[in-house]
Amino acid sequence: MAKVKYYYDSETLSYRKIKRNKSTTFKYVAVFLTAAALFGFLMVFIASQYIESPKERQMARELQNMELQYELINKRMDDAIAALENVEERDNAIYRLYFEANPIPTEQRRAGFGGINRYKKYEGFDNSKLIAESNKRLDILEKAIVVQSKSLDEIAKLAEDKEKFLEAIPAIQPISNENMTRMASGYGYRTDPFTKVRKFHYGMDFTAPRGTPIYASGDGVITRADSQSTGYGNHIRIDHGYGYISLYGHLYKYNVKVNQRVKRGDLIGFVGSTGRSEAPHLHYEVFKDGERINPINFYYGNLSAEEYDILLRKASLENQSLD
Ligand SMILES: [Zn+2]
């Protein structure tokens, strides 16, 4: 039961009951409820600032876990970068050096991406720096892998070219050792067999019986197989490319035709004594960029160190050439 309240009426000099109407009661209730609600919200708000809810705790743990995972991923990136650095070092110091390609400078290998706005999208969070830095490192790593991959492509191409070059240059003796009677005369000043005058002999003479096989000393194309060059008699010229030409003189017979492509070691003709020749032998010359050079400097293809030594000694004796 609600308390009954009275007031003193000075006109009637008596106590009278206070009558409350319904609208006043309603106002009181509304004001009370509003105040209570506001106070409640305020309390919840204050509490939420200082006390974690179970859901918040869960999220905090997830965030912590994510940061930990980022750190682990960064460590793995360190390992990947270290492994790549090792490959890059070998690339510069061995492979590129071997193929005479310029080393790729570190600035070029480690170049990031230009523009500051690239990592702007990660800004505005507590972990912005961690995420932006991780992305930056991954970008640099990806770019470095691309640079390294391109370098290897370049080296593969250079290796292929070098292999072709090594197969092309005249690098073997054109007559097999078993068939050779002797290395008669080398490159240098020799006595002319006909005039007995000391003059420069621009090739090497290999003495061998008529009909002994002659082999191409490197890959190339036959450019001459005729006797239209003074002194050489029946002769063959092979264009090896890269500025190299080899010449085989005084042949008895040809085994190739002009424009024919030959491989190193292919049988191209037979020893004879045609042209300005004293006895059956092969006169062999090597041209580099139009100059006749000493063929002995190229016999690394099929001779052992001892054989090369013997050949070198015989070739340097100043004797009479067979021309
Ligand atoms: Zn000669």
Side-chain angles (χ1 to χ4, degrees), residues 169-218 220 222-240 244-256 262 264-265 267-303 307-323:
I169 54 170
I172 64 164
Q173 200 175 268
I175 286 205
S176 94
N177 267 340
E178 302 89 75
N179 296 329
M180 194 168 70
T181 320
R182 63 193 173 101
M183 226 307 296
S185 184
Y187 179 96
Y189 280 98
R190 300 289 183 273
T191 310
D192 185 287
F194 298 101
T195 62
K196 307 294 177 196
V197 169
R198 191 169 173 269
K199 70 166 203 193
F200 206 89
H201 183 237
Y202 285 100
M204 290 183 88
D205 291 342
F206 299 94
T207 313
R210 186 190 306 274
T212 300
I214 300 168
Y215 306 104
S217 54
I222 307 290
T223 52
R224 298 277 297 265
D226 58 67
S227 57
Q228 304 307 307
S229 238
T230 317
Y232 292 120
N234 297 331
H235 84 299
I236 288 172
R237 287 183 204 216
I238 301 176
D239 187 347
H240 301 282
Y244 288 98
I245 287 168
S246 59
L247 181 152
Y248 312 77
H250 315 302
L251 269 56
Y252 169 57
K253 270 200 308 200
Y254 306 108
N255 196 44
V256 286
V262 291
R264 175 179 294 151
L267 176 61
I268 54 170
F270 302 93
V271 171
S273 193
T274 54
R276 197 173 185 274
S277 168
E278 207 192 32
H281 79 287
L282 169 68
H283 174 87
Y284 176 65
E285 288 181 6
V286 171
F287 292 77
K288 172 76 172 79
D289 299 325
E291 295 284 322
R292 286 181 287 190
I293 54 173
N294 194 344
I296 199 158
N297 296 330
F298 290 89
Y299 298 145
Y300 44 78
N302 62 343
L303 293 179
E307 286 170 331
Y308 185 80
D309 264 2
I310 295 166
L311 190 70
L312 190 62
R313 221 168 332 112
K314 285 183 180 169
S316 50
L317 286 176
E318 197 179 325
N319 54 8
Q320 183 178 296
S321 66
L322 295 169
D323 265 37

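Just follow the structure's listing: the first ligand is 1, and inside any ligand the first atom is 1.
Per residue His283, closest N, O or S atom to the Zn ion (ligand 1): atom name ND1. Here the N, O or S atom of Asp205 that is nearest to the Zn ion (ligand 1) is OD1.
Among the atoms of His281, none of the N, O or S atoms falls under 2.8 Å from the Zn ion (ligand 1).
Of the possible polar contacts, none joining the Asp239 side chain to the Thr223 backbone as a donor-acceptor pair under 3.5 Å is found.
The six-membered or imidazole ring of His283 lies near that of His201, with a centre-to-centre distance under 6.0 Å. Between Tyr232 and Tyr248, the gap from one ring centroid to the other reaches at least 6.0 Å.
The two residues Val262 and Ala216 come nearest to each other via the heavy atoms CG2-CB, 4.1 Å.
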